[in-house]
Amino acid sequence: MSDLNTPLVKKRKWSWVDWAVQFRWILVITVVLPVSMAFDIWAEWGDWWSARKSEEKRQKEHDKHVEEVIKRLKSRDASKDGLVCTARKPWIAVGMRNVDYKRARHFEVDLSAFRQVLEIDEENMIARCEPLVTMGQITRMTVPMNLSLAVVAELDDLTVGGLINGYGIEGSSHIYGLFSDTVVWYEIVLADGRLVKATRDNEFSDLFYAIPWSQGTLGLLVAAGIKLIRIKEYMKVTYKPVRGTVRELGQAYLDSFIPRDGDQDNPEKVPEFVEGMVYNDHEGVMMTGRYASKEEAKKKGNVINRQRFYFKKWFYQHAQTALKKGEFVEYIPTRDYYHRHTRCLYWEGKLILPFGDQVWFRYLFGWMMPPKVSFLKATQGDAIRNYYHERHIIQDMLIPAYKVPEALEFAHNEFELYPIWLCPHRIFKAPMKTMINPQPGFEYEKRPGDTPYAQMFTDVGLYYTPNAVFRGEEFDGVAAVKKLEQWLIDNKAFQALYAVSELNEQDFWRMFDATLYNKCRDKYRAVGTFMGVYYKSKKGKKSEQEVRDEESKVRETQYADIEKPMSD
């Protein structure tokens with residue numbers, strides 16, 4: 001007799017899409033990997049050629065391309081040409097959104113030429129980059145100089161423009177904040193064709209604070225000055241295994257970088273890099289890193305792990321070995337460490353190529369990894385894309401650090417997917433209300449990790465297939481994401497906008513702050529020229545007229561608050 005207290009689990013029937021997903025590795029190996037490898041070779045050659053040019057020549061090319069953008073933008077007939085967007089194909093973006101807004105009538109501006117590092121200014125410690133410069137490209141140039149961007153997002157193909165207009169984080173973000181927090185200035189072409197430079201304290205300071213998270217809906221980014229820091233040749237990484245309930249795992253993660261005495265700005269007590277991986281509901285590994293010199297790393301008895309070698313064990317699996325052998329320390333070349341998750345796309349590579357982590361595959365074919373996300377998207381079709389939306393989760397929950405134990409418990413109960421990625425980051429107080437802000441009054445609460453000028457948050461990264469799907473059970477990905485988004489709103493947290501969002505317009509602006517964004521949309525005449533950030537993020541096909549109609553509603557409902565003074 002069955003247990004009447006145990007709910008019946010509804011099994012899901014397989015369809016042809018399930019089989020297409022399960023055997024998608026055939027297409028990946030025969031098409032996606034070779035094409036990805038060829039593209040990488042071409043891109044690296046282009047980067048090498050660009051680096052050989054003089055700064056003067058790169059600047060002349062940049063000026064020419066900016067003039068072309070301005071000329072193109074001014075040629076637009078607002079009455080018939082549609083809303084402005086870049087000419088970049090929807091599948092090229094690394095994010096998981098469908099980019100359905102490009103299926104509506106639109107006016108394209110080509111930014112494909114903006115892919116050069118224009119200047120490395122060692123005196124002022126600023127790198128001036130065009131928006132399509134990738135993380136792999138900038139680290140190839142700066143790391144040999146013992147320089148680095150203050151925040152280097154892990155995946156090679158992530159671009160400066162995407163990380164600024166969208167979302168970018170790294171293990172150093174508990175010190176420097178998100179990628180956009182490290183930007184010194186933006187060079188923007190506005191809707192009327194003006195080229196402006198926005199800084200924290202010039203006449204365009206409001207635009208400076210409004211650009212992050214705006215998804216390119218305030219103007220066209222053509223260059224940015226980004227903070228550089230001095231680095232050393234190696235990263236000394238400590239792997240610490242932890243066990244307990246999901247709440248206890250969350251607390252162990254917080255203890256790895258938050259001093260109990262509240263001395264959060266003391267470099268002796270706070271590591272330079274922090275990362276946590278939770279492998280199941282009772283085990284995880286917390287990692288901390290500090291820069292180390294070549295002389296220190298090569299001292300007798302130290303272990304050097306050249307993680308970038310293609311045949312190496314995937315990083316998340318390498319870190320997992322700490323659960324068996326206990327805490328250990330090793331030295332990883334700095335650039336290898338920056339891009340430690342690239343080859344296996346965190347752990348998504350295991351789903352794309354189920355045998356990709358095996359020794360035989362790593363030695364024979366690992367040199368072709370990873371498949372580019374853009375080419376994976378280009379070959380998946382609508383059916384497989386919708387399958388992933390319904391059966392797969394790729395979301396980043398940006399939550400106040402003190403809520404990490406609660407968030408892990410929520411994620412386990414609602415998704416039951418592992419591994420889970422943990423990465424801390426600060427949200428700084430700003431003189432204006434940006435799209436994401438610290439919680440009001442956080443500085444008076446004096447919670448662990450917080451300082452008078454910034455609140456400590458954490459990215460809880462959910463990138464995998466829930467266990468219910470592996471068990472063949474029904475799983476409603478749309479409903480699950482809606483529940484996640486409501487939890488974030490209730491807890492004054494945020495969702496990364498590269499991911500698929502189920503938010504309606506009202507809830508979107510409950511999660512994000514529209515005050516400064518809408519003021520800049522109006523002031524710089526972006527309304528009617530660039531699509532609004534909500535409509536650019538929302539699911540579903542849309543026409544230009546629908547967007548115009550909805551934007552007019554936004555103006556009616558949101559602009560009532562615009563004239564209110566903006567304060568901390």
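Only heavy atoms go into these numbers, but all of them, side chains included; no hydrogens, no water, no symmetry mates.
Within a 6.0 Å radius of CD in Glu56, other residues, nucleotides and ligands contribute 12 heavy atoms or fewer. Heavy-atom neighbours of Lys350 NZ from other residues, nucleotides or ligands within 6.0 Å: above the threshold of 12. No more than 12 heavy atoms of other residues, nucleotides or ligands lie within 6.0 Å of NZ in Lys227, so this atom counts as exposed by the packing criterion. Applying the 6.0 Å contact sphere to NZ of Lys294 captures no more than 12 heavy atoms from other residues, nucleotides or ligands. Atom CH2 of Trp360 has more than 12 neighbouring heavy atoms from other residues, nucleotides or ligands inside a 6.0 Å radius.
Within the 3.5 Å criterion, the main-chain N or O of Pro452 finds no donor-acceptor partner in the side chain of Glu443. Looking only at distances, no side-chain donor or acceptor of Thr134 sits under 3.5 Å from a matching main-chain atom of Leu158. In this structure a side-chain-to-backbone donor-acceptor pair under 3.5 Å is present from Thr30 to Ile26. Counting only distance, with no hydrogens or angles, the side chain of Arg247 and the backbone of Ala407 share no donor-acceptor pair below 3.5 Å. Asn491 contributes a side-chain N or O that, together with a main-chain N or O of Trp487, makes up a donor-acceptor pair within less than 3.5 Å. For the pair Asn266 (side chain) and Glu268 (backbone), a donor-acceptor distance under 3.5 Å is present. In this structure, Arg243 contributes its side chain and Leu323 its backbone to a donor-acceptor pair below 3.5 Å. Of the possible donor and acceptor atoms, none in the side chain of Ser50 sits under 3.5 Å from a partner among the backbone N and O of Asp47. Side chain of Ser172 to backbone of Ala150: a donor-acceptor contact under 3.5 angstrom is found. Between the side chain of Glu272 and the main chain of Ile175, no donor-acceptor pair closer than 3.5 Å is present.
Between Asp157 and Met135, the closest side-chain pair of non-hydrogen atoms is not below 4.5 Å. Between Ile229 and Leu147, the closest side-chain pair of non-hydrogen atoms is not below 4.5 Å. With contacts defined as side-chain heavy-atom distances shorter than 4.5 Å, the pair Val133/Thr159 does not qualify.
No side-chain N or O of Lys429 forms a donor-acceptor pair with one of Asn437 less than 3.5 Å apart. At a cut-off of 3.5 Å, with distance as the only test, no side-chain donor of His62 or Gln116 sits close to an acceptor on the other residue. Counted by atom type alone, His341 and Glu348 present zero donor-acceptor pairs between their side chains at under 3.5 Å. A donor-acceptor pair shorter than 3.5 Å cannot be found between the side chains of Gln495 and Asp396. Checked by atom type, the side-chain pair Glu187/Trp185 shows a donor-acceptor distance below 3.5 Å. Side-chain contact annotation: Asp255 with Gln251, donor-acceptor N/O pair under 3.5 Å present. Using modelled atom types and a 3.5 Å distance limit, the side chains of Asp156 and Thr342 yield a donor-acceptor pair. Side-chain N/O atoms of Gln307 and Arg335 include no donor and acceptor closer than 3.5 Å. No donor-acceptor contact under 3.5 angstrom links the side chains of Thr458 and His425, judged on distance only. Glu170 and Tyr176 form no side-chain donor-acceptor contact under 3.5 Å, judged by distance and modelled atom types alone.
In this structure, Tyr464 has its ring center no closer than 6.0 Å to that of Phe415. Taking the six-membered ring wherever Trp is involved, the centroid distance between the rings of Phe273 and His174 does not fall below 6.0 Å. Here the two rings, on Tyr418 and Trp347, have centers that are 6.0 Å apart or farther. Here Tyr463 and Tyr346 bring their ring centres to under 6.0 angstrom of each other.
Note: Tyr453 and Phe428 have parallel aromatic rings, judged against thresholds of 30 and 60 degrees for the angle between ring planes. Aromatic ring orientation, Tyr167 versus Tyr498: parallel (interplanar angle below 30°, classes split at 30° and 60°). Between Trp42 and Phe39, the two ring planes are tilted [angle within 30° to 60°]. Using cut-offs of 30° and 60° on the angle between ring planes, the pair Tyr291 and Tyr338 is perpendicular.
Both the sub-6.0 Å distance and the 45° axial angle are satisfied by Arg447 relative to the ring of Tyr402. For the pair Arg340 and Tyr337, the cation sits on the ring face: its NZ or CZ lies under 6.0 Å from the ring centre, inside 45° of the axis. Both tests pass for Lys325 against the ring of Phe328: distance under 6.0 Å to the centre and angle within 45° of the axis.
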Stepwise, does the side chain to side chain contact (heavy atoms under 4.5 Å, CB included) test hold for Ile164 with Val160?
CA-CA 6 Å; Ile164 287 172; Val160 165; 3.7 Å; yes

Worked verdict on Trp314 versus Leu345 for side chain to side chain contact (heavy atoms under 4.5 Å, CB included)
CA-CA 9 Å; Trp314 289 357; Leu345 301 175; over 6 Å; no

Start with the C-alpha distance between Asn146 and Glu233, add both sets of side-chain angles, then the distance that settles side chain to side chain contact (heavy atoms under 4.5 Å, CB included), and finish with yes or no.
CA-CA 7 Å; Asn146 280 3; Glu233 295 88 351; 3.7 Å; yes

Before giving the answer on side chain to side chain contact (heavy atoms under 4.5 Å, CB included), spell out for Leu484 and Leu488 the whole-Å C-alpha distance, their side-chain angles and the decisive distance to 0.1 Å.
CA-CA 6 Å; Leu484 175 147; Leu488 292 175; 3.5 Å; yes

Determine, step by step, whether Asp450 and Arg426 satisfy the salt bridge (charged side-chain N to carboxylate O under 4.0 Å, His left out) criterion, reporting the C-alpha distance in whole Å, the side-chain angles of both residues, the deciding distance to 0.1 Å, and the verdict.
CA-CA 8 Å; Asp450 293 352; Arg426 278 173 162 161; over 6 Å; no

Mind running salt bridge (charged side-chain N to carboxylate O under 4.0 Å, His left out) on Lys240 and Glu327 for me, showing each step along the way?
CA-CA 5 Å; Lys240 184 177 181 179; Glu327 183 174 334; 5.2 Å; no

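Residue Asn302 holds its CG atom at 11.0 Å from CD of Glu330, rounded to the nearest 0.5 Å. With rounding to the nearest 0.5 Å, the separation of CG in Leu249 from CE in Met277 is 13.5 Å. Residue Ser180 holds its OG atom at 9.0 Å from CG of Leu163, rounded to the nearest 0.5 Å. How far CD1 of Ile29 is from CZ of Arg24: 12.5 Å, rounded to the nearest 0.5 Å. Annotation: the span from Met287 atom CE to Phe257 atom CZ amounts to 13.0 Å, rounded to 0.5 Å. From Leu155, atom CG reaches atom CZ of Arg343 across 13.0 Å, with rounding to the nearest 0.5 Å.
Of the charged side-chain nitrogens involved, at least one lies within less than 4.0 Å of a carboxylate oxygen, so that Lys372 and Asp40 count as a salt-bridged pair. Look at Arg58 and Glu61 and you find no salt bridge, because none of the NZ, NE, NH1 or NH2 atoms lies under 4.0 Å from a carboxylate O. No salt bridge links Glu55 with Lys60; every basic N to acidic carboxylate O contact stays at or beyond 4.0 Å. Arg471 and Glu416 are joined by a salt bridge, as a carboxylate oxygen and a charged side-chain nitrogen come within less than 4.0 angstrom of each other.
Here the closest non-hydrogen pair linking Pro424 and Tyr253 is N-OH, 3.1 Å. When all heavy atoms of Phe208 and Val184 are compared, the closest pair comes out as CE1-O, 3.6 Å.
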